[in-house]
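Structure first, then comments.
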Amino acid sequence: MKYLTTNKDRRKFISSIIQGLILLLVIRLLINAIFNFEVYNHYDINAIGDNEGEGFIALSYFAVDREGTDTMISTKRLDEHLEALKKNGYVTLTQEDIENYYNNKQKIPPKSMFLMFEDGRRDTAIFAGPLLEKYNYIGTILSYGNKFEEKDPKFLSPKDLKRLKESTFFEWGTNGYRLAYINVFDRYKNFLGQLYPEEFIVLRKHIERDYNHYLMDFIRDEIKIPIESYAEMQSRISVDYRLMDEVYNEYLGELPRLYAIMHANTGQFASNKNVSIVNEEMIRKYFSINFNREGFSYNDRKADIYDLTRMQPQAYWYPNHLLMRIKDDSKQDMTFIHGDLEIKKDWEIINGATEFRKSSIIVTSEPESRGLIRLNKDLSSRSLALHARLTGNVLGCQTIYLRADQELKEYISIKIINNNLYIEEDGKELFALDLNEHDGIIPQSIEENRLEALKDEYKIYNKNSRRYKNPTKMEPQKEVLDLEVKSVEEGGEPYIPEVQIHEPGNRKIDIYLRDNKLSVDIDNKEAIKDLPVSAKQGGYIYLESAWGEYGYSQRNLADDVYDGVFEDLVIVDMDKEDEVIYMNKLQGKELILEEIKDRWNKIVNWFIVNL
């Protein structure tokens with residue numbers, strides 16, 4: 001072997017080794033997911049006895065990714081979810097179990113769960129498969145029929161699906177023949193008509209809630225008048241079910257028994273009564289089970305097997321968030337995850353559930369309420385500095401209480417809620433700051449935002465103009481693209497975007513409280529200096545998470561639980577040369593090892609995406 005004499009040769013050699021290791025890792029993941037040598041073990045129905053479950057929960061994950069995205073749950077987080085469910089005694093049901101539960105009054109275990117994975121993505125199978133094997137769980141993989149014909153490599157092929165079924169840890173289900181959007185309007189009431197998924201994703205930031213899924217309504221015009229008759233609507237929808245039947249039988253030899261329609265959630269089988277009648281007829285004709293609603297997890301014998309409900313856990317949910325939601329839905333007892341018990345000793349949990357990890361404390365609120373913990377140290381009359389990073393989602397409330405009494409009637413509170421900083425004393429507001437202003441963000445004007453929406457929409461329209469049945473539907477607005485618009489600096493009204501429920505937060509906060517003066521820095525920038533406060537006698541510190549009363553979300557219709565996340569929490573006594581009173585932060589070897597692990601994961605992820 002020749003010596004590697006140049007830096008370029010050495011870099012190439014090291015890169016080749018890393019690529020080889022990553023390739024072996026990917027191959028191993030594929031083998032574990034598709035060529036599984038373990039077998040799913042069904043629960044023993046004879047062991048249930050009189051301890052029969054009254055119902056079951058249904059959980060449906062959108063997709064699984066190694067590191068996760070805003071919609072795709074990471075492998076690590078899914079592992080945490082399944083581990084928490086296993087610790088609470090949940091076992092999985094098969095489709096046959098559900099059919100027997102409703103049709104033959106079969107008993108089920110007291111903590112029964114039905115698992116689904118939507119959209120039929122290949123990465124979901126690769127990363128979820130080993131976890132199902134680990135916990136002896138079975139899941140139903142849902143797919144779209146038209147993906148078999150498109151041969152999109154991101155989605156499971158019929159051959160992949162057959163192998164997954166043979167593994168015994170997966171069953172088949174379907175989300176329908178296609179995912180498509182109809183009757184779409186942007187926030188400015190511009191009519192976009194019908195959009196394919198890739199178009200909808202591009203334009204999603206301009207679209208709020210004014211649209212339907214393909215099977216939910218009549219196809220309508222720009223003034224929302226149907227452009228198809230009842231007979232035409234009936235034919236269009238019936239064709240989708242016929243195509244489903246044909247394509248699944250051609251590629252898989254059978255149509256799945258389970259359907260999860262996209263996306264009723266209306267108390268019927270579509271958003272329109274007449275369309276609902278057609279959907280219900282087709283569903284009962286072709287399927288044995290239908291998940292018709294989303295938002296709540298619990299189903300019992302009173303439910304209709306064709307009108308079941310599922311909950312879609314979000315990628316950002318910590319385990320206790322999931323357990324809190326299930327507890328509220330099912331009214332069953334739940335054992336929450338506490339994490340590191342050594343760290344837990346320093347805190348009293350007052351409301352909600354809290355998981356203690358090295359360098360992070362996750363305080364999960366109760367539904368439509370709060371989570372609250374108190375540090376078990378009385379720090380009366382001390383001058384304190386508190387440092388932390390708040391990484392709970394932007395939509396919601398994370399609060400730090402200082403100089404508080406045991407009843408939390410007297411306190412100084414510093415809270416970040418919906419991207420605003422508030423400082424209060426005994427419930428009275430002393431200071432407020434919009435953190436967008438703190439960041440120096442100059443908002444778009446409404447005129448600028450509307451023009452941006454139109455430009456993005458015309459890009460989609462021009463790219464796909466041949467497939468539109470009515471190519472002139474956007475013509476009257478073309479001249480608008482050349483209009484001059486006012487910015488906020490020029491007097492335009494600011495556009496304030498709606499904060500999305502999944503938008504991640506990340507704020508470094510430094511609090512300095514000496515005598516009767518309070519100073520707060522946000523992201524290493526002064527927010528307020530020497531704000532006068534009362535010199536209170538109380539000395540307790542509380543951490544709180546609170547539901548932000550945000551209510552409806554298109555992505556999760558009933559989420560009323562919030563995770564406040566307090567990372568790298570350090571509290572020091574400023575009167576004693578910054579003596580550390582409390583610390584939950586990685587240091588030394590632990591910090592170095594965590595940084596190495598993080599860098600390695602980033603390298604692996606890059607190769608997985610780009611190989």
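We count residues from 1, following the sequence as given.
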Residue pair [X] / [Y], side-chain heavy-atom distance below 4.5 Å:
X: I571; Y: V580; value: no
X: T92; Y: Y135; value: no
X: T124; Y: Y61; value: no
X: I501; Y: Q314; value: no
X: T309; Y: N299; value: yes

For the pair [X] and [Y], find out whether any cationic side-chain nitrogen is under 4.0 Å from an anionic carboxylate oxygen.
X: D123; Y: R121; value: yes
X: D340; Y: R357; value: no
X: K428; Y: E425; value: no

Taking all non-hydrogen atoms of both residues, which atom of [X] and which atom of [Y] are closest, and how far apart?
X: R310; Y: E118; result: NE-OE2, 3.0 Å
X: P367; Y: M324; result: CD-CG, 3.8 Å
X: M116; Y: A58; result: CE-CB, 4.4 Å
X: Y298; Y: G55; result: OH-N, 3.2 Å
X: M262; Y: N175; result: CG-O, 3.9 Å
X: L93; Y: P109; result: CD2-CD, 4.3 Å

* Given I412 and Y401, is the side chain to side chain contact (heavy atoms under 4.5 Å, CB included) satisfied, shown in steps? -> CA-CA 6 Å; I412 297 166; Y401 293 91; over 6 Å; no
* If you measure only the distance, is there a donor-acceptor pair under 3.5 Å linking the side chains of Y316 and D563? ->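 Not at all, the side chains of Y316 and D563 share no donor-acceptor pair under 3.5 Å.
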* Does a donor on one side chain sit under 3.5 Å from an acceptor on the other, for Y495 and R187? ->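 Yes - a donor-acceptor pair under 3.5 Å links their side chains.
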* Kindly compute the distance separating OG (S74) from NE2 (H81), expressed to the nearest 0.5 Å. =>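 Going from OG on S74 over to NE2 on H81, the span is 8.5 Å.
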* To do: Supply the atom-to-atom distance L518 CG to L384 CG, rounded to the nearest 0.5 angstrom.
  =>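 Going from the CG atom of L518 to the CG atom of L384 covers 11.0 Å.
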* **Given N584, V363, D346, I349, the one that forms side chain to side chain contact (heavy atoms under 4.5 Å, CB included) with F356** =>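 So the option named by the test is I349.
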* Looking at N393, D434, V394, L395, which one forms a side chain to side chain contact (heavy atoms under 4.5 Å, CB included) with N418? ->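 Between N418 and the candidates, side chain to side chain contact (heavy atoms under 4.5 Å, CB included) is satisfied uniquely by L395.
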* Check against side chain to side chain contact (heavy atoms under 4.5 Å, CB included), D573 and L379 -> CA-CA 9 Å; D573 187 337; L379 306 176; over 6 Å; no
Is a side-chain N or O of [X] found less than 3.5 angstrom from the main chain of [Y], in a donor-acceptor match?
X: N292; Y: Q268; value: yes
X: H338; Y: K344; value: no
X: E567; Y: T391; value: no
X: R293; Y: D307; value: yes
X: S365; Y: V561; value: no
X: D210; Y: F185; value: no

* Asked: Given the side-chain rings of Y411 and Y542, with only the six-membered ring counted for Trp, is the space between their centroids under 6.0 Å?
  ->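 Between Y542 and Y411, which both carry aromatic rings, the centre distance is not below 6.0 Å.
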* Asked: Is the H387-Y512 ring centre distance short of 6.0 angstrom?
  ->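 Yes.
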* Asked: Should R370 and E544 be marked as a salt bridge (charged side-chain N to carboxylate O under 4.0 Å, His left out) after you check the CA-CA gap, both sets of side-chain angles, and the distance that decides it?
  -> CA-CA 7 Å; R370 69 179 182 177; E544 180 186 64; 2.9 Å; yes
* Asked: Taking the six-membered ring of Y540, is the NZ or CZ of R374 close enough (under 6.0 Å from the centre) and on axis enough (within 45°)?
  ->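 Yes, R374 sits over the ring of Y540.
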* Evaluation steps, side-chain hydrogen bond (donor to acceptor under 3.5 Å, both in side chains), between S60 and E294 -> CA-CA 9 Å; S60 187; E294 189 280 316; over 6 Å; no
* Apply salt bridge (charged side-chain N to carboxylate O under 4.0 Å, His left out) to R514 and D575, showing your working. => CA-CA 9 Å; R514 185 187 293 276; D575 290 335; 3.1 Å; yes
* What do the steps show when you test E54 against K331 for salt bridge (charged side-chain N to carboxylate O under 4.0 Å, His left out), and what is the final call? -> CA-CA 11 Å; E54 296 179 1; K331 311 306 178 189; over 6 Å; no
* To do: Using the side-chain hydrogen bond (donor to acceptor under 3.5 Å, both in side chains) rule, take H321 and D559 through it: C-alpha gap first, then chi angles, then the decisive distance, then the call.
  => CA-CA 10 Å; H321 191 132; D559 192 14; 3.0 Å; yes
* Asked: Parallel, tilted or perpendicular: which fits the ring planes of Y211 and Y181, with parallel below 30° and perpendicular above 60°?
  ->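 Rings of Y211 and Y181: perpendicular, over 60°.
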